[in-house]
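Report on the following structure.
The sequence lines fix the lettering, A, B, ..., with proteins before strands; numbering per chain opens at 1.
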2 protein chains.
Amino acid sequence: MTAEDTRERILDTAERLFAQHGIEATSLRAITAEAGVNLAAVHYYFGSKEALVRAVFGRRLGPVNQERMKLLDECEARAGSNPPSLKGIVEALIAPPLRLRGNPAQGGENFCMLMGQLFSESSKWRQVIFAEFGETMSRFPAALKRALPHLPEKELFWKLHFLIGAMAHTLRASGLLVHLSRGQCDPDDVEGTLRRLTAFLVAGLQAPVPPDPGEQS
Amino acid sequence: MTAEDTRERILDTAERLFAQHGIEATSLRAITAEAGVNLAAVHYYFGSKEALVRAVFGRRLGPVNQERMKLLDECEARAGSNPPSLKGIVEALIAPPLRLRGNPAQGGENFCMLMGQLFSESSKWRQVIFAEFGETMSRFPAALKRALPHLPEKELFWKLHFLIGAMAHTLRASGLLVHLSRGQCDPDDVEGTLRRLTAFLVAGLQAPVPPDPGEQS
DNA sequence: GTCTATAGGGGGATAGAC
DNA sequence: GTCTATCCCCCTATAGAC
């Protein structure tokens, strides 16, 4: 087993166990035992658990976010000087992490679930992970604003918040859906999931915001 | 300090710390230190950490789920023999946990956040908590089925899944929304949150499911 | 590069004095 | 009912042999 192998085995096993049990609940001992490497190897290659977490996310997050930017660019180019399509924006945000599920070579469903758990981790780990994101995420509120020019910015953030919740839950809790539907729904049908979730979210984004009954308008 | 006080202080403090840091990450030592009681008191009153978790949820979940059933009953009674309104069903599911936020006497925003974290806890704790739910949750798929009679059951479960994700994220991650919107959105406006989330979700539920382009129809 | 051994801290749980 | 003291476990991290 080469040194590269050891490093990769640690990353792959950590990714899987983090996804299955959460970061806090996964010990370095559990990772090294499953990977078949020595406990001290983690510290030799990464230095600390926090650095390992950064490495696990750093390895996959770049490609996912680059793909998001590429899809968003294409969507905006298609629109020209018109507002970009909501469907295109939503797909640019959702499709790249969701498609990891059908792609074992790039982390498969493990990193997909891990991304969905992002908002569930304790604030300490969330901060560590958000730092790996860069400024990618600021482009989506801007694009949504162009697609929904008449919607007040405040309402746009509410809608984006609901969207993020549905996306994260879909990435994270596929097992729950199978259980809930008694096997009728198949989360491994990635394009079917994307089609349904996009339609649901675009409708939500387009829905008029009901006025506050307590306010004069 | 009476015995009742000690018990309640442990429950209140555990509820708050579980909500802030997650169940796994909260130690009995942290709870007893903040509550100003002795570590051994937890074992005297509850017996174990798992029993304490059950007690924390058992105390509030009953009233929340009873309120859900009451709202659902009213919604179905209003409809008579017609299909119940989607808005009524969605509100029956979402309003009771969300309104805890404005009700400090019944656990305030702590238990509200705790309910939103339900799907984020490790499977061990999720099982412990789900056992406290009883059969309450099976009535909602049935009501949705009556409200959307032409939608295949499989599609209904997908939509319910997306709905649950948006609801849980809204209950859990209010801090993130404030940060994201730079203070423009106010999660303490409970009725405003309910109004926006309901409108978003009803639109998503009503959205036609796009056909699979690979299938003959 | 890989191992053993251990430091040093925290966790849940319990016994037994008061 | 409430406390102290303690058992025994697992954790991250590191030192040092090989």
Expressed in angstrom and rounded to an integer, what is the separation of [X] atom [atom1] from [N] atom [atom2]?
X	N	atom1	atom2	result
A:Tyr45	D:dA13	OH	C1'	18 Å
B:Arg7	D:dT2	CZ	P	12 Å
B:Ile10	D:dG1	CD1	P	12 Å

Practice item. Give me the bend of the helix from C:dG1-D:dC18 to C:dC18-D:dG1, using the axes of the five pairs at each end, rounded to 10°. Key: 10°
Review point. Does the side chain of B:Asn38 get closer than 4.0 angstrom to OP1 or OP2 of D:dG1 through an N or O atom?
Key: no
Point to revise | Below 4.0 Å: OP1/OP2 of C:dT2 and any side-chain N or O of A:Thr6 | key: yes
Review point. Under 4.0 Å between a Lys/Arg side-chain N and an Asp/Glu carboxylate O for B:Arg101 and B:Glu109?
Key: yes
**Study point:** Side-chain heavy atoms of A:Leu28 within contact of A:His43, under 4.5 Å
**Key:** yes
Check your understanding: Contact class for A:Phe46 vs. all strands (heavy atom < 4.0 Å): base, sugar-phosphate, or nothing?
Key -> nothing
Point to revise | Base versus backbone protein contacts along nucleotides 11-18 of chain C [heavy-atom cut-off under 4.0 Å; B, S, -] | key: BBBB----
Exercise for review: For B:Lys87 and B:Glu91, run salt bridge (Lys or Arg N to Asp or Glu O under 4.0 Å): C-alpha distance rounded to whole Å, both residues' side-chain angles, the deciding distance at 0.1 Å, then the answer.
Suggested key: CA-CA 6 Å; B:Lys87 180 164 174 287; B:Glu91 281 181 344; 3.5 Å; yes
Donor-acceptor contacts under 3.5 Å from residues 10-17 of chain A side chains, at least two apart:
residue	atom	partner	partner atom	Å
A:Asp12	OD1	A:Arg59	NH1	2.9
A:Asp12	OD1	A:Arg59	NH2	3.0
A:Thr13	OG1	A:Arg9	O	2.7
A:Glu15	OE1	A:Arg60	NH2	3.1
A:Glu15	OE2	A:Arg60	NE	2.7
A:Arg16	NH1	A:Glu34	OE1	3.3
A:Arg16	NH2	A:Glu34	OE1	3.0

Check your understanding: Do A:His169 and B:Phe162 make the cut of ring centroids closer than 6.0 angstrom?
Key -> no
Review point. Is the B:Phe57 to B:Phe111 ring centre distance short of 6.0 Å?
Key: yes
Practice item. Say whether A:Arg172 and B:Ser120, considering side chains only, have a donor N or O and an acceptor N or O under 3.5 Å apart. Key: yes
Practice item. Determine the minimum heavy-atom distance between B:Ala207 and A:Ala203, stating which atoms define it. Key: CB-CB, 3.5 Å
